[in-house]
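Notes follow once the structure below has been shown.
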Amino acid sequence: MNISERRADFPILNTQMNGEPLTYLDNAATTQKPQAVIDAISQYYLHDNANVHRGVYSLAARATDQYEAVRDQVAAFIHAPQRESVFFTRSTTDSLNWVAQTYGEQNLQAGDEIVVTALEHHSNLVPWQQLAQRKQAQLKVIQLTSTGELDWASAQQQITDRTKIVAVAHCSNVLGVTCPIQKLARLAHQHGAIIVVDGAQAVAHQPVNVQTLDADFYAFSGHKLLGPTGVGVLYGKLALLQTLTPAQFGGEMISNVTWEHTEFAPIPQRFEAGTPNISGVIGLGAALTYIQQLGFAAIQTQERQLTAQLLNGLLTFPDVTVYGPQQVAQHGPVVAFNVDGIHPHDVATGLDLAGVAVRAGHHCAQPLMQVLQVPTTVRASVQFYNSAADIARFLAALQAVKEFFQQ
Ligand SMILES: Cc1ncc(COP(=O)(O)O)c(C=O)c1O
């Protein structure tokens, strides 16, 4: 990969923060956007703006064609068996809440079990916790090993014949680990449960095949894979979707309405009530095109090198604790750490002064922070468009922050 050419595709990467070159290492929170995505959104508003699925005029047809073409693109991107299995939401959070509010509401009974893991983001925990409370179901947690990976013995113990839903992140937004989705899906299915996968941290970094994973539902956000905010995706197995009553009602999702009765539109329109985020979906399409042109082989090679430099660099500091696996082979592009005696917010603020953007906090995973026995951590996360110079600047800035606080 020609990294300087790729960086030139992302206008914001050539700007400054606090008088220093921007070193953006908060990619797990949201990715930067290439010019191609920005252009696709403005192109739509400049030349193609109309509502979708409604007008008979050419402009409306053009907007509809572009919107629906992205559905095909997403289906191909995650290897969905058919386009009807894919519908657009606002975000991963919205997608996961949708599953809880439809499948969960319509299938759970008192005494049933929902199983999550100890590394879940609040988005894949709170909707299930609240559903369990509404249904008097039990929320159970698969524990982690000492290196932050899923404890398989715990998975086998927690998933039982009472389990109806297993909800798990494909990749952790804190520990940098990938969960064994295929294996978990087999276990869940053996017990008659479905598996709901939070793909927010996976889709930008590895090819996803929902059929090989055997995921019943798979959720992700556009903004974490170079696309705009405000657009998300939910994939669902068609046979499951066909059993579900929509969560929202109104325009777009009907085929016939009388005072007494409504016939719903076919899937997937049935699940997209109201005017969708048309420009967001078109922007997401441009992001997928960009990623596909680059290819995951090149993306993964670059990200593995950057992760190795980041992780190994952090491990050279004797007073830095890295959470999750310490070997690059097991580590995705997200690294959470703490520096002895310096508050994570002070570390992040010190780095900010050197133009380095990292996250400090609980990363929307407060129960995981309890497991790690820390209130918060610092988190640096890379994307293929980061350079070796970015990581070197980060490590040098961290050394300077340590010297400042430890003198
Ligand atoms: C693992 C994981 N799940 C879910 C989310 C929620 O994504 P969004 O805020 O786009 O809904 C995030 C965002 O950080 C995440 O990292």
Side-chain angles (χ1 to χ4, degrees), residues 24-33 37 74 78 87-101 116-130 141-142 144 148-150 165-181 184 195-206 208 213 215 217-235 247 277 280-281 283-284 287 303 323-324 331-336 357-369 371-372 376-383:
Y24 187 75
L25 294 174
D26 195 19
N27 295 288
T30 196
T31 58
Q32 297 303 343
K33 319 303 172 199
V37 168
V74 171
I78 58 171
F87 59 98
F88 296 109
T89 63
R90 284 189 297 127
S91 59
T92 308
T93 305
D94 196 29
S95 297
L96 294 168
N97 274 278
W98 189 93
V99 183
Q101 283 159 17
V116 297
T117 81
L119 54 70
E120 297 309 317
H121 187 282
H122 296 160
S123 292
N124 201 28
L125 167 58
V126 182
W128 306 119
Q129 178 194 69
Q130 297 297 308
V141 183
I142 300 173
L144 307 178
E149 282 147 316
L150 277 203
I165 297 171
V166 176
V168 57
H170 196 169
C171 296
S172 162
N173 66 319
V174 177
L175 300 169
V177 297
T178 297
C179 294
I181 301 299
L184 276 170
I195 184 160
V196 182
V197 184
D198 168 359
Q201 294 296 340
V203 279
H205 305 291
Q206 55 178 282
V208 168
L213 294 175
F217 290 99
Y218 194 97
F220 62 95
S221 299
H223 72 97
K224 291 187 198 283
L225 86 157
L226 316 185
T229 51
V231 63
V233 167
L234 183 61
Y235 157 83
N277 181 354
V281 167
L284 172 61
E303 290 186 353
Y323 304 98
H331 221 295
V334 175
V335 184
V358 296
R359 178 90 171 257
H362 53 61
H363 316 297
C364 301
Q366 283 181 318
L368 172 61
M369 295 295 119
V371 173
L372 300 176
T376 54
T377 79
V378 189
R379 180 186 72 184
S381 49
V382 302
Q383 205 77 18

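Read the numbers this way: they start at 1 and go in the same order the structure lists the ligands and their atoms.
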Which residues share a salt bridge (Lys or Arg N to Asp or Glu O under 4.0 Å) with R379, sequence neighbours left out: D26
Distance col, row C179:SG vs L213:CG, nearest 0.5 angstrom, shows 11.5 Å
How many angstroms lie between atom OG1 of T30 and atom NZ of K224, to the nearest 0.5 angstrom? 6.5 Å
Pairwise salt bridge (charged side-chain N to carboxylate O under 4.0 Å, His left out) hits with a residue in residues 89-99, at least two apart: R90-D94
Under the side chain to side chain donor-acceptor pair (under 3.5 Å) test, which residues partner W98, sequence neighbours left out? none
Residues in the immediate environment of ligand 1 (any heavy atom closer than 4.0 angstrom): S91, T92, T93, H121, S123, N173, D198, A200, Q201, S221, H223, K224
Minimum-distance pair of heavy atoms, taken over all atoms of T377 and M369: CG2-SD, 3.9 Å
